[in-house]
Amino acid sequence: MRERLIGVFKLDAATFEAIEHDEGATGQAALVVLAAAILSGVGTAFASEYLAEGSALGGFLSGVVSTFTGWVIWSFLTYFIGTRLFGGEADLGEMLRVIGFAYAPQLLGVIPCFGRLVGALWTLAAAFVAIRQGLDLSNGKTALTILVGFVVYVAVSVVLDALF
């Protein structure tokens, strides 16, 4: 797993190909997301307790749940849009694996000041490579898959926020 994480940080296409095809890597991808979720939960707990009027425990749980939910939704949307609209070839498990590992740079969020920003930007770059390799798409179709997925994700979020 260590070599895979290094490959993800290097944005190595061959690493994402290996992750895509290794059905046993789904658990590893979930561990990467769990680590990112815990860091997100700690950050949300801190913000809830000290920067807003909320509970640290509630903030922590919210951060963890939203990170895991985001992973599953992002993977499903990417799979659906990439295969249906742009002719990509993958199954949902492959997308869960490659996108899960793409969360690894979010672990840089533990570094004070710019760690969270650098991690977020690096995650976007890793996700681009993950989606391109996972769906076997060109760079252009990968960018369109991400763009359409983002628009759909925002639209669904706005609708859900309005309902709840």
Side-chain angles (χ1 to χ4, degrees), residues 1-20 25 28-79 81-82 95-135 137 139-161:
M1 187 161 151
R2 183 176 152 254
E3 289 78 23
R4 286 184 171 170
L5 290 173
I6 291 168
V8 167
F9 276 94
K10 289 181 175 181
L11 305 177
D12 179 47
T15 298
F16 284 102
E17 284 289 331
I19 292 166
E20 173 191 7
Q28 293 176 345
L31 286 174
V32 171
V33 176
L34 176 63
I38 289 171
L39 288 176
S40 173
V42 169
T44 306
F46 177 80
S48 295
E49 183 71 24
Y50 298 106
L51 304 177
E53 293 184 23
S55 143
L57 178 59
F60 177 78
L61 293 175
S62 172
V64 170
V65 169
S66 67
T67 300
F68 265 99
T69 304
W71 170 46
V72 173
I73 292 171
W74 187 13
S75 297
F76 176 77
L77 283 175
T78 302
Y79 158 74
I81 292 165
M95 295 314 301
L96 284 165
R97 288 191 290 278
V98 295
I99 290 176
F101 268 91
Y103 272 69
Q106 289 186 19
L107 301 176
L108 296 174
V110 301
I111 301 170
C113 297
F114 296 108
R116 192 167 187 168
L117 175 62
V118 170
L121 294 174
W122 208 330
T123 296
L124 288 175
F128 183 90
V129 176
I131 292 165
R132 183 187 66 204
Q133 298 310 120
L135 288 167
L137 295 174
N139 286 340
K141 286 184 177 181
T142 300
L144 288 171
T145 299
I146 292 168
L147 179 63
V148 171
F150 178 74
V151 169
V152 170
Y153 188 83
V154 169
V156 168
S157 295
V158 167
V159 169
L160 289 176
D161 285 345

[atom2] on [Y] to [atom1] on [X], rounded to 0.5 Å:
{"X": "I99", "Y": "T123", "atom1": "CD1", "atom2": "OG1", "result": "12.0 Å"}
{"X": "K141", "Y": "L144", "atom1": "NZ", "atom2": "CG", "result": "9.5 Å"}
{"X": "M1", "Y": "I6", "atom1": "CE", "atom2": "CD1", "result": "11.5 Å"}
{"X": "Y153", "Y": "T78", "atom1": "OH", "atom2": "OG1", "result": "11.0 Å"}

How would you list, by chain and number, every residue that makes a side chain to side chain contact (heavy atoms under 4.5 Å, CB included) with [X], sequence neighbours excluded?
{"X": "I146", "answer": "F128, I131, T142"}
{"X": "V156", "answer": "V152, L160"}
{"X": "T69", "answer": "V65, I73"}

My understanding is that only residues two or more places apart in sequence, or in another chain, count here; which of them pass ring pair (Phe, Tyr, Trp, His ring centres under 6.0 Å) with F9?
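F9 satisfies ring pair (Phe, Tyr, Trp, His ring centres under 6.0 Å) with W122 once adjacent residues are dropped.
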| A126 and P105: which non-hydrogen atoms are nearest, and at how many Å? |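 Result for this residue pair: CB-CG, 4.3 Å.
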Check your understanding: How close do A104 and V8 get, heavy atom to heavy atom, and via which atoms?
Key ->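 For A104 and V8, the tightest heavy-atom pair comes out as CB-CG1, 4.1 Å.
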Using the rule given for side chain to side chain contact (heavy atoms under 4.5 Å, CB included), can you reason through L5 versus V32, listing the C-alpha separation, both sets of side-chain angles and the distance that settles it, and then say yes or no?
CA-CA 9 Å; L5 290 173; V32 171; 3.9 Å; yes
Is Y103 reaching over with its side chain to a backbone N or O of W71, donor-acceptor style, under 3.5 angstrom?
->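 Yes; judged by distance alone, with no hydrogens or angles, the pair exists.
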- Query: Of all residues at least two apart in sequence or in a different chain, which pass the salt bridge (Lys or Arg N to Asp or Glu O under 4.0 Å) check with R4?
  - Reply: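 For R4, the residues satisfying salt bridge (Lys or Arg N to Asp or Glu O under 4.0 Å) (neighbours in sequence not counted) are D22.
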* Steps toward side chain to side chain contact (heavy atoms under 4.5 Å, CB included) verdict (L34, F68) -> CA-CA 7 Å; L34 176 63; F68 265 99; 3.7 Å; yes
Scan the side chains in residues 13-20 for donor-acceptor partners under 3.5 Å anywhere in the protein, sequence neighbours excluded, and list what turns up.
unit_1	atom_1	unit_2	atom_2	d
T15	OG1	D12	OD2	2.7
E17	OE1	H21	NE2	3.3
E17	OE2	Q133	NE2	2.8

